[in-house]
Amino acid sequence: MITLIILYLFYLTLPITQTCGASGRSYDYGMTRMMIERCACALAGPLKLAHGERLGLILPNIPEFVVLIHGAMRAGLVVTFANPLYTADEIRRQFSDCNVKAIATIEMFMPVAQEVGKTLKDYKGTIWVGGDDDKSKGIYGLKSLLMADHEADLPKVDCDEVCLIPYSSGTTGMPKGVMLTHKNLVSNLKQTQCPKMMKYGGEKGKGDVLLTVPPFFHIYGFNGILNYNLKLGYHIVTMPRFTPDDYIKCLVEYQPTTLFVVPSLLAFLATHPLVKKEHLQWVETIMVGAAPTTDSMLEKFLLKCEKTKDQIKLLQGYGMTESSPVTLMTPYEYPYSKVGSVGQLVPSTQARVVSITTGEMLGPHKSGELWLRGPQVMKGYWNNEAATKETVDSDGWLHTGDVAYYDDEFYFYIVDRTKELIKVKGNQVSPTEIENIIMERPEVADVAVVGVPDPLAGEVPRAFVVLKPKQKLTDKDVCDLVAQKLTRYKHLDGGVVFLDAIPRNAAGKIMRNELKVLGHKKQR
Ligand code: 4UW
């Protein structure tokens, strides 16, 4: 509710909201606001979605994403979003765990949406963005939903209600629903838009254009980019799919002043021969995060632009799905010596760096687990009290599973990860999810998956497999098995290594750090 009120105030006064870089389709802020309102009425009206029920989105970055997600939140619904390139199995697992009652998608993913919808309890229908009604199949065209006048009594929504459940594996295990409230999301927008962190010292964007690729179905894309820039009144140019040629075309056509990227996209801009300095001539600010970035890549980017550190702002942000997401961010004005830092705490956020061995609180320049506390920290994991208690302690500290230190000026540096999570091009990969699939093979006695460094993706998953006596399985068999069940970026691009035993500690926990240094990469 509060999210919407704040966004509405900005919608009222501003020009183009979003343009689809692929089709050129665009909406202004007034139109967007009207569509959100009509969408809310349609979801509560014809689709009969009641306050607190869940809507699943299977959408790439298109302008209608904002209409559906804010329409749903306006109607008091809870949204969960999935990567459209997930397999039907991956989407079914998430949507049934979250009790999804309706799905919104585009033509390309209608077969998956319909297949998943059939398996969901009390399913109410599929919204087809860009398509027509087919009531016999429970399909509602978004256009016709928005065109018709629907009477609906929209509920009064409390700011402490959950409105978004993105999925994250957290520190360990399978992906879990992260319950974020309106207050979590709005607090984070307020925290990141304080004068210290902003280009115009807290003012709205002055004709700024943002070109963005990180997906809106991830918390960085949704709250860190989409809502953040909507609130600033920027013109947001989206791309439903990344290709080098299309991205460069958008750079030239829309002349963005701001880019929000993940490290692999920064590497593309800095090193790809197709990207020329002329393509980046309008860029004044570039924000990077979601995985570690090297200082040398930031330097290479400056070299590519042929700009000095004073002509272009290289900013970093750090956060997690569990913290809505931003907790640390580079102030807009910072000394260049801090370029490798993920920044300082955003307002109303506290941090502790805690020794991994002794549990004591550490001072500057000492690395330990980063704990964070603030109004942006999640309400908990959906239906998983044990995981919630492991991650957020009774004093409200979020145990991030990241190793960090801070310097004398309270700039933070992320140096390692203690949690299992693997980050492939900024995307989360849960080793448990891959391990469970490999364990389904009767030949397999034990398995462990870890992330290994990769120059392009940051990390890629590698599987260590123990076979039962006298059993045979090739690395290709294992890779194919994973490839059939999981989306592309979760595939075993780090290869497969066969071992006699998986190193485990006395409690039976996989010693992943030992595995990270074991074995050579095997090509598929
Ligand atoms: N440096 C090193 C980083 C960094 C990082 C995240 O998928 P999740 O749950 O969430 C994210 C959130 C990304 C993000 C948040 C805020 C922000 O300003 C921004 O901006 C540019 C991006 O990815 O994964 C959380 C995990 O991802 C790693 C870290 O391990 C964290 O626990 N991570 N940002 N700058 N590592």
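For ligands, and for the atoms within them, numbers begin at 1 and follow the listed sequence.
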Exercise. Tell me, with the steps shown, if S169 and E420 meet side chain to side chain donor-acceptor pair (under 3.5 Å).
Key: CA-CA 9 Å; S169 61; E420 298 174 355; over 6 Å; no
Practice problem: Report the part of T321 in contact with ligand 1, treating N, CA, C, O as backbone and CB onward as side chain, heavy atoms under 4.0 Å; options are side chain, backbone, both, neither. | Solution: both
Quiz item: Can you tell me the protein heavy atom closest to atom 29 (C) of ligand 1 and the distance?
Solution: D402 OD2, 3.2 Å
Quiz item: Parallel, tilted or perpendicular: which fits the ring planes of F81 and F222, with parallel below 30° and perpendicular above 60°?
Solution: perpendicular
Quiz item: What do we get for K419 next to ligand 1 when only non-hydrogen atoms under 4.0 Å count, side chain, backbone, both or neither?
Solution: side chain
Exercise. Go through ligand 1 atom by atom and flag the ones less than 4.0 Å from a non-hydrogen atom of G289.
Key: 20 (O), 21 (C), 22 (C), 35 (N)
Quiz item: Non-hydrogen atoms of M320 versus ligand 1: any pair closer than 4.0 Å?
Solution: yes
Quiz item: Does atom CZ of R504 have more than 12 heavy-atom neighbours from other groups under 6.0 Å away?
Solution: yes
Quiz item: Are T349 and Q376 linked by a side-chain donor-acceptor pair shorter than 3.5 Å?
Solution: yes
Self-check item: Minimum non-hydrogen distance to atom 23 (O) of ligand 1, winning option of M287, K423, Q428, E322
Solution: K423
Quiz item: Tell me: protein heavy atom nearest atom 3 (C) of ligand 1, and distance?
Solution: A291 O, 3.6 Å
Quiz item: Can you tell which of E459, E90, E435 makes a salt bridge (charged side-chain N to carboxylate O under 4.0 Å, His left out) with K490?
Solution: E90
Quiz prompt | Distance filter under 4.0 Å to P292 heavy atoms, resulting ligand 1 atoms | solution = 1 (N), 2 (C), 36 (N)
Quiz item: At under 4.0 Å between heavy atoms, which part of Y220 makes contact with ligand 1: side chain, backbone, both or neither?
Solution: side chain
Quiz item: For atom 16 (C) of ligand 1, which of V326, T293, T327, T330 has the closest heavy atom?
Solution: V326
Quiz item: Taking heavy atoms and a distance under 4.0 Å, where does V288 meet ligand 1: side chain, backbone, both or neither?
Solution: backbone
Quiz item: Using 30° and 60° as the class limits, which term best fits the ring planes of Y489 and Y86: parallel, tilted or perpendicular?
Solution: tilted
Quiz item: Looking only at non-hydrogen atoms, which of S169, A290, G319 approaches atom 25 (C) of ligand 1 most closely?
Solution: G319
Practice problem: Measure up the Y406 and F412 rings against each other and bin them: parallel (under 30°), tilted (30 to 60°), perpendicular (over 60°). | Solution: tilted
Practice problem: Report yes or no: does G224 have a heavy atom closer than 4.0 Å to ligand 1? | Solution: no
Exercise. Start with the C-alpha gap between F268 and F242, add the side-chain angles, then the distance that decides, and say whether ring-ring contact (aromatic ring centres under 6.0 Å, His included) holds.
Key: CA-CA 11 Å; F268 162 78; F242 174 83; 5.2 Å; yes
Self-check item: P325 neighbourhood, listing ligand 1 atoms whose heavy-atom distance to it stays under 4.0 Å
Solution: 15 (C), 16 (C)
Quiz item: So is there a nitrogen or oxygen of G317 less than 3.5 Å from a nitrogen or oxygen in ligand 1?
Solution: yes
Quiz item: Checking side chain to side chain contact (heavy atoms under 4.5 Å, CB included) against L164, which of T181, V78, I219, N184 comes through?
Solution: I219
Practice problem: Could you say whether the N/O atoms of H218 and ligand 1 ever approach to under 3.5 Å? | Solution: yes
Exercise. Consider every N or O of S168 and every N or O of ligand 1, then say whether any pair is closer than 3.5 Å.
Key: no
Quiz prompt | N-O pairing of D393 and R373 below 4.0 Å | solution = no
Exercise. Mind running side chain to side chain donor-acceptor pair (under 3.5 Å) on D208 and T257 for me, showing each step along the way?
Key: CA-CA 6 Å; D208 275 292; T257 50; 2.6 Å; yes
